[in-house]
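To start, the structure itself, in structure tokens.
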Amino acid sequence: MLLRLLAAIGGSYACTASLASLSSVLAVMLSDLARSEAVYLTAMLSLLVYPALLLWSVSEPRLWRVWAILLSGTFGGMLLQDLLTMTQLGD
């Protein structure tokens, strides 16, 4: 039960923060939004993503699937953000 609670609270938060950060970088690159507007937009959208991940991680019967999806979302978002930032700096 402790691992599920840790995944629900901490893992959902980390995954949401990583995906929100990636989304703000993508929003700046793909549209004409200012950085501050993109950060504000993705912060508002993350208020929907975090409770959804939190509820899903509590209701999913398989704990290994919860951890796999949350960790892949977290590290995948961080990796893609770093790759996009490096390519943006290289231009």
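The figures here come from the full heavy-atom set of this structure, side chains too, leaving out hydrogens, waters and symmetry mates. Residue numbers count from 1 along this sequence.
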I need the minimum non-hydrogen distance between [X] and [Y], along with the two atoms involved.
X     : Y     : answer
Thr87 : Leu84 : OG1-O, 2.9 Å
Ala7  : Leu70 : O-CD1, 3.3 Å
Leu22 : Gln81 : CD1-N, 3.7 Å
Ser18 : Gly73 : OG-O, 3.8 Å
Tyr50 : Ile9  : OH-O, 3.5 Å
Ala14 : Thr74 : C-OG1, 3.6 Å

Handout entry: Partners passing side chain to side chain contact (heavy atoms under 4.5 Å, CB included) against Ala17 (at least two apart in sequence or in another chain)
Key =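 Expected list: none.
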Practice task
List in chain and number order the residues that pass side chain to side chain contact (heavy atoms under 4.5 Å, CB included) with Ile69, two or more places apart in sequence or in another chain; answer none if no residue qualifies.
Solution key: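 In terms of side chain to side chain contact (heavy atoms under 4.5 Å, CB included), with neighbours along the sequence ignored, Ile69 is linked to Trp56, Arg65.
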Practice task
Identify whether Val66 and Leu71 are in the same connected component of the hydrophobic contact network (ILVMFWY, side-chain heavy atoms under 4.5 Å).
Solution key: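 No; Leu71 is not reachable from Val66 via cluster members.
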Exercise for the section: Kindly work out whether a path of hydrophobic side-chain contacts (I/L/V/M/F/W/Y, heavy atoms less than 4.5 Å apart) joins Leu48 to Leu19. Expected result: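 As far as the 4.5 Å side-chain criterion goes, Leu19 and Leu48 are not connected within one cluster.
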Looking at [atom1] of [X] and [atom2] of [Y], how far apart are the two atoms once the value is rounded to the nearest 0.5 Å?
X     : Y     : atom1 : atom2 : value
Thr85 : Leu80 : OG1   : CG    : 10.5 Å
Leu3  : Leu63 : CG    : CG    : 6.0 Å
Leu26 : Ser21 : CG    : OG    : 10.0 Å

Handout entry: Minimum side-chain heavy-atom gap Met1-Leu5 below 4.5 Å
Key =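 Met1 does not reach Leu5 side chain to side chain.
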Handout entry: Of all pairs that satisfy salt bridge (Lys or Arg N to Asp or Glu O under 4.0 Å), the ones with a partner from residues 30-44, not counting sequence neighbours
Key =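 For residues 30-44, and leaving out neighbouring residues, there are no salt bridge (Lys or Arg N to Asp or Glu O under 4.0 Å) pairs at all.
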Handout entry: Side-chain donor/acceptor of Ser24 to backbone N/O of Ala38, under 3.5 Å
Key =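 Not confirmed, Ser24 side chain does not pair with Ala38 backbone.
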Practice task
Output yes when a side-chain donor or acceptor of Thr42 lies under 3.5 Å from a complementary backbone atom of Val39, and no otherwise.
Solution key: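 Answer holds: yes.
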